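See below for the structure under consideration.
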Amino acid sequence: MKALDIAVVGAGIGGLAAASLLAQDGHRVHLIERFDVPRPIGSGLVIQPVGLAVLDALGPGDMVRNLGAPLARMIGHSGRALALDVDYARGSPGTAIHRASLFHVLWHNAQSAGVTIVTSSQVTSASSQAGKHRLHRVGQSPLGPYDLIVDASGAGSLLSPLQARPLPFGAIWGQVPWPKGTVLPTDQLTQRYQAARRMAGVLPIGRLPDDPTPRAAIFWSLPAKQLATWHQSSFDDWRADAAAFWPEFAPFIAQLTDAAQMTCARYGHGSLRKPYGEGIAFIGDSAHRASPQLGQGANMALLDAAALCVALRMQSHVDLALPHYAQMRRRHRWCYQSLSAAFTPMYQSDSRLLPILRDHVLGPIARLWPMRAILTQLVSGTLVRPLRGIQLDDFVSSREQDT
């Protein structure tokens, strides 16, 4: 395909990755961001092996690994019951990383790839005429014309038609230095549950680019209806309650002094049947949303970016490439959306039966072969082929050869 004029809306993980991949392929790319100075939101996340493969194809995979923390295991207890125990394949761990560190790497990679970055632009809509497409902004002239618009503006997208179903539980997130003397391992996600009404977790997330101090992301599950008002309660009372619930949590939350150090996260579930329109492709949370229980959010966005790049390479026209992009991601996306919908109520809900099933049936079965191997593939993102019609390794090697 000839070089295209492409606008990518949103400088999140998916948007930055898509902009860099497309610019590396010779397209003229504008990255449109509403903030004056783009910045990450949140504390930490997990890049699974499939996401790391996309970052390797992009270039900065090793930089991400160096800043992040290798993740070998995910484990969670409900009282004395081992409710979650998933290992990664030997030699193929996940990488848990601070969002600021990942943003730092992807932001500089986009600049190095020649992406033109346009900030302070709140995109409200798009229009099309004679095969060309424009973006309309608040209080500014339109941008364009473009051959293709990529909507990577996330759950708050004003371009996507997706109407996600709000989930009844969310969480508060924070990040702190990893405390000395804690018994929690530095290579695993550790969680503690009380039925499905309470959940606390600790995730090692490596370090910041300018600070060698190891850090941790911490989270606490809350009903969505409480998220707007939880900070109005006594913060000391919350810390005392959380420490009593899980004593190993105490050294982490003891470093917090104010509710403002925690960020509220609300979750939704839904997916666009057709993640594209006339001259526009939807990727990441603009195309599909789910709870974070399977740790796949960032990886889905990275895989969407990779699939769009491959589709534009393989097809002669944008109108052919967009359905190809959707087809490449349909099976993998459907699989993980369905599993997320099935598993989430076992960890975040008011159900009394599902946690019992989780602790006393699914938990023990999950430790047996072949279920243990299946769960390893599930968290790694490889339970089904991520990109239909192409091996992910082939995508990585083809990018490396081009470089």
Side-chain angles (χ1 to χ4, degrees), residues 7-15 18 32-35 41-42 45 121-128 133-138 148-173 221-228 263-305 307-308 311 322-323 325-351:
V8 178
V9 183
I13 295 168
I32 319 300
E33 174 55 55
R34 63 192 177 102
F35 293 119
I41 298 174
L45 72 161
S121 295
Q122 174 64 66
V123 173
T124 58
S125 63
S127 61
S128 302
H133 316 282
R134 295 182 183 274
L135 290 169
H136 301 276
R137 303 178 288 173
V138 174
L148 173 65
I149 294 169
V150 181
D151 179 19
S153 54
S157 171
L158 297 177
L159 301 179
S160 173
L162 176 59
Q163 298 292 321
R165 169 176 58 87
L167 294 179
F169 275 73
I172 53 173
W173 286 80
S221 179
L222 280 176
K225 60 186 179 182
Q226 294 181 16
L227 287 174
T263 300
C264 293
R266 292 174 174 81
Y267 307 124
H269 189 92
S271 184
L272 290 175
R273 184 184 63 83
K274 192 175 78 169
Y276 64 91
E278 183 184 356
I280 187 168
F282 304 101
I283 69 172
D285 282 354
S286 295
H288 42 74
R289 295 169 210 162
S291 83
Q293 294 303 325
L294 298 180
Q296 297 294 325
N299 303 279
M300 298 288 274
L302 289 168
L303 289 167
D304 289 348
L308 181 61
L322 294 183
Y325 150 68
Q327 186 180 47
M328 290 179 70
R329 291 289 296 128
R330 182 172 292 119
R331 187 182 178 198
H332 185 269
R333 184 191 66 192
W334 177 86
C335 173
Y336 278 88
Q337 289 286 102
S338 300
L339 289 171
S340 175
F343 279 111
T344 294
M346 296 185 182
Y347 296 92
Q348 286 187 301
S349 73
D350 290 318
S351 172

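Excluded from the calculations below are hydrogen atoms, water molecules and symmetry mates; all remaining heavy atoms, backbone and side chain alike, are included. This one's a predicted model, so the numbers in the text were calculated from it and none came from an experiment.
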Please determine whether side-chain contact (heavy atoms from CB on, under 4.5 Å) holds for the pair V138 and R34, giving the CA-CA distance in whole Å, both sets of side-chain angles, and the decisive distance to 0.1 Å. CA-CA 10 Å; V138 174; R34 63 192 177 102; over 6 Å; no

Just so I know, are the side chains of [X] and [Y] near enough to count as touching, which here means a heavy-atom distance under 4.5 Å?
{"X": "S271", "Y": "R333", "value": "yes"}
{"X": "S127", "Y": "H136", "value": "yes"}
{"X": "P161", "Y": "L272", "value": "yes"}
{"X": "Q348", "Y": "L167", "value": "no"}
{"X": "L159", "Y": "L135", "value": "yes"}
{"X": "Y325", "Y": "P275", "value": "yes"}
{"X": "T344", "Y": "L294", "value": "no"}
{"X": "F282", "Y": "D304", "value": "no"}

Quick check for you: to the nearest 0.5 Å, what is the distance between [X] atom [atom1] and [Y] atom [atom2]?
{"X": "C264", "Y": "L222", "atom1": "SG", "atom2": "CG", "answer": "7.5 Å"}
{"X": "F169", "Y": "Q293", "atom1": "CZ", "atom2": "CD", "answer": "11.0 Å"}
{"X": "R329", "Y": "Y336", "atom1": "CZ", "atom2": "OH", "answer": "10.0 Å"}
{"X": "M300", "Y": "H288", "atom1": "CE", "atom2": "NE2", "answer": "4.5 Å"}
{"X": "Q122", "Y": "E33", "atom1": "CD", "atom2": "CD", "answer": "9.0 Å"}
{"X": "R137", "Y": "S125", "atom1": "CZ", "atom2": "OG", "answer": "12.0 Å"}

State, to 0.1 Å, how close [X] and [Y] come at their nearest heavy-atom pair, and which atoms those are.
{"X": "R289", "Y": "G154", "value": "NH2-O, 4.1 Å"}
{"X": "A18", "Y": "I283", "value": "CB-CD1, 3.9 Å"}
{"X": "A265", "Y": "L227", "value": "O-CD1, 3.5 Å"}
{"X": "S157", "Y": "S286", "value": "CB-OG, 3.7 Å"}
{"X": "H133", "Y": "S128", "value": "ND1-OG, 2.6 Å"}
{"X": "Y347", "Y": "F343", "value": "CD1-O, 3.4 Å"}

Tell me, with the steps shown, if L302 and I13 meet side-chain contact (heavy atoms from CB on, under 4.5 Å). CA-CA 7 Å; L302 289 168; I13 295 168; 3.8 Å; yes

Please say whether more than 12 non-hydrogen atoms of neighbouring residues, nucleotides or ligands are located less than 6.0 Å from CD in E278. no

Tell me, with the steps shown, if H332 and L303 meet side-chain contact (heavy atoms from CB on, under 4.5 Å). CA-CA 10 Å; H332 185 269; L303 289 167; 3.6 Å; yes

Check step by step if side-chain contact (heavy atoms from CB on, under 4.5 Å) holds for L322 and L148. CA-CA 10 Å; L322 294 183; L148 173 65; 3.9 Å; yes

